[in-house]
Amino acid sequence: MITIYPSQSRYFADHGWLQSRFSFSFAEYYDPNNVRFGPMRVLNDDIVQPLKGFGPHPHREMEIVSIVLEGLLKHEDSTGQSAITTFGGVQRMSAGTGVIHSEVNPSETEPVNFLQLWFEPDTRGLQPSYQQTWFDPEKMKNHLLPIVAKNPSSDEIAHINQDLTIYLSDLEPDQELIFTQKEGRRIFLFVIEGDLTLNRNSLLNRRDSARITKTPELQLFTKNGSRLMLIDLP
């Protein structure tokens, strides 16, 4: 079953220094029918203005992934970790028993656009940890490139404490991919740019998403080109 969520259905919050669009219940937005998709709890599409950001704040018992689409994102936390990420980089933080962190835009001139995703961990009570990884965007071309996984196969893939894999892909016009998974699993799909047709009958455009169940084989086709994120979930 494929359920499409158009971009305009997302909740929009405008705080001046921050424009954010929520795909799930978050902060002041609460919809009891839109709290989670399996272990996935948050997908925020954030734009933060220069030299602004989220000051130190606590988290616990959550796996947090930040993927920068444009600009720079600086992370600092109470474990002493500090890093700056741009496109091609992934930040993964396991909040575990508790951590305080901040995320700010260090640029004086350019906004940053990033996706932040939260997942429930498969094990509670872990020690907080942070990881920054880098992937080659060229490897996304007409290919589903894993960037986060439970059991990473290279140091270009961030480890996460949940049985999931996050893929990115850049599909050129008139290209097609087939994704298969075991029965009983879920797929979350997010079109970052362009258009995407699923199984020849479900069209998604920029920033649309789909939540997919009971569909172990998924055909991904783009007419005009597409940058997409696919998450294989339990």
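Heads up: numbering here begins at 1 and tracks the sequence. Computed from a prediction, not measured in an experiment: that's the story for all the values here.
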Considering only heavy atoms from C-beta outward, does the side chain of [X] approach that of [Y] to under 4.5 Å?
X	Y	result
T165	I157	no
L198	I212	yes
P121	S94	no
V148	I160	yes
L171	N142	yes
R200	E176	yes
P128	T97	yes
V99	Q81	no

[X] side chain to [Y] backbone, donor-acceptor under 3.5 Å:
X	Y	answer
E63	N161	yes
Q132	I84	yes
R92	H159	yes

[X] and [Y]: same hydrophobic cluster, using ILVMFWY side-chain contacts below 4.5 Å?
X	Y	answer
F87	V104	no
L115	V68	no
L168	L43	yes
I166	M140	yes
L189	I192	no

Inter-residue atom distance [X].[atom1] - [Y].[atom2], 0.5 Å rounding:
X	Y	atom1	atom2	answer
F26	N34	CZ	CG	13.5 Å
N113	I67	CG	CD1	11.5 Å
D208	F190	CG	CZ	8.5 Å
T86	L69	OG1	CG	9.5 Å
N105	E108	CG	CD	10.5 Å
Q219	I178	CD	CD1	4.5 Å

Task: Ion pair check, E193 and R207, cut-off under 4.0 Å - done: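 Salt bridge flag = yes for R207 with E193.
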
- [ ] Please state whether the rings of H59 and H57 are parallel, tilted or perpendicular, taking 30° and 60° as the class boundaries.
- [x]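 Rings of H59 and H57: perpendicular, as their planes differ by over 60°.
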
Task: Derivation of the salt bridge (charged side-chain N to carboxylate O under 4.0 Å, His left out) call for K141 and D170 - done: CA-CA 5 Å; K141 187 175 292 184; D170 273 335; over 6 Å; no

Grab the two heavy atoms, one from [X] and one from [Y], that are nearest each other, plus how far apart they are.
X	Y	result
E103	S66	OE2-OG, 3.1 Å
N205	V191	O-CB, 3.5 Å
F114	V48	CE2-CG2, 4.0 Å
Q116	W118	OE1-NE1, 3.0 Å
S7	R206	CB-O, 3.7 Å
F179	I187	CD2-CD1, 3.8 Å

TODO: Apply side-chain hydrogen bond (donor to acceptor under 3.5 Å, both in side chains) to S78 and list each qualifying residue two or more places apart in sequence or on a separate chain.
DONE: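 So S78 forms no side-chain hydrogen bond (donor to acceptor under 3.5 Å, both in side chains) with any residue.
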
Open item on the list: Between N199 and L218, is the side-chain contact (heavy atoms from CB on, under 4.5 Å) condition met? List the steps.
Closed with: CA-CA 6 Å; N199 290 356; L218 189 65; 3.8 Å; yes

Can you give each donor-acceptor pair under 3.5 Å made by side-chain atoms of residues 17-24, sequence neighbours left out, with the distance rounded to 0.1 Å?
from, atom 1, to, atom 2, distance (Å)
Q19, OE1, Q49, NE2, 3.4
Q19, NE2, D14, OD1, 3.2
Q19, NE2, G16, O, 2.9
S20, OG, D46, OD1, 2.3

Open item on the list: Going by side chain to side chain donor-acceptor pair (under 3.5 Å), R185 matches just one of T215, D163, T213. Which one?
Closed with: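 Testing R185 for a side chain to side chain donor-acceptor pair (under 3.5 Å) against T215, D163, T213 leaves exactly one candidate, D163.
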
- [ ] If you link ILVMFWY side chains whenever their heavy atoms are less than 4.5 Å apart, which other residues fall into the same cluster as W134? By chain and number, please.
- [x]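 Answer for W134: none, a lone residue.
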
TODO: Go through the steps to decide whether E156 and T133 satisfy the test side chain to side chain donor-acceptor pair (under 3.5 Å), and finish with yes or no.
DONE: CA-CA 6 Å; E156 295 181 352; T133 56; over 6 Å; no

- [ ] Test H75 against M93 for side-chain contact (heavy atoms from CB on, under 4.5 Å), laying out the working first.
- [x] CA-CA 10 Å; H75 166 97; M93 184 176 72; 3.7 Å; yes

Task: Residue list, salt bridge (charged side-chain N to carboxylate O under 4.0 Å, His left out) with R124, at least two apart or on another chain - done: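 Applying salt bridge (charged side-chain N to carboxylate O under 4.0 Å, His left out) to R124 gives none.
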
Open item on the list: Filter on salt bridge (Lys or Arg N to Asp or Glu O under 4.0 Å), then keep only pairs touching residues 28-44, sequence neighbours left out; what's left?
Closed with: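 For residues 28-44: R36-E120, R41-E120.
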
Task: Contact list for residues 67-80, test salt bridge (Lys or Arg N to Asp or Glu O under 4.0 Å), sequence neighbours left out - done: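 Salt bridge (Lys or Arg N to Asp or Glu O under 4.0 Å) check on residues 67-80 returns K74-E76.
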
TODO: List the steps, then state whether side-chain contact (heavy atoms from CB on, under 4.5 Å) holds for L164 with M40.
DONE: CA-CA 10 Å; L164 64 85; M40 187 173 182; over 6 Å; no

TODO: Might you work through the side-chain contact (heavy atoms from CB on, under 4.5 Å) test for K223 and T197, ending with a clear yes or no?
DONE: CA-CA 8 Å; K223 179 63 179 175; T197 300; over 6 Å; no

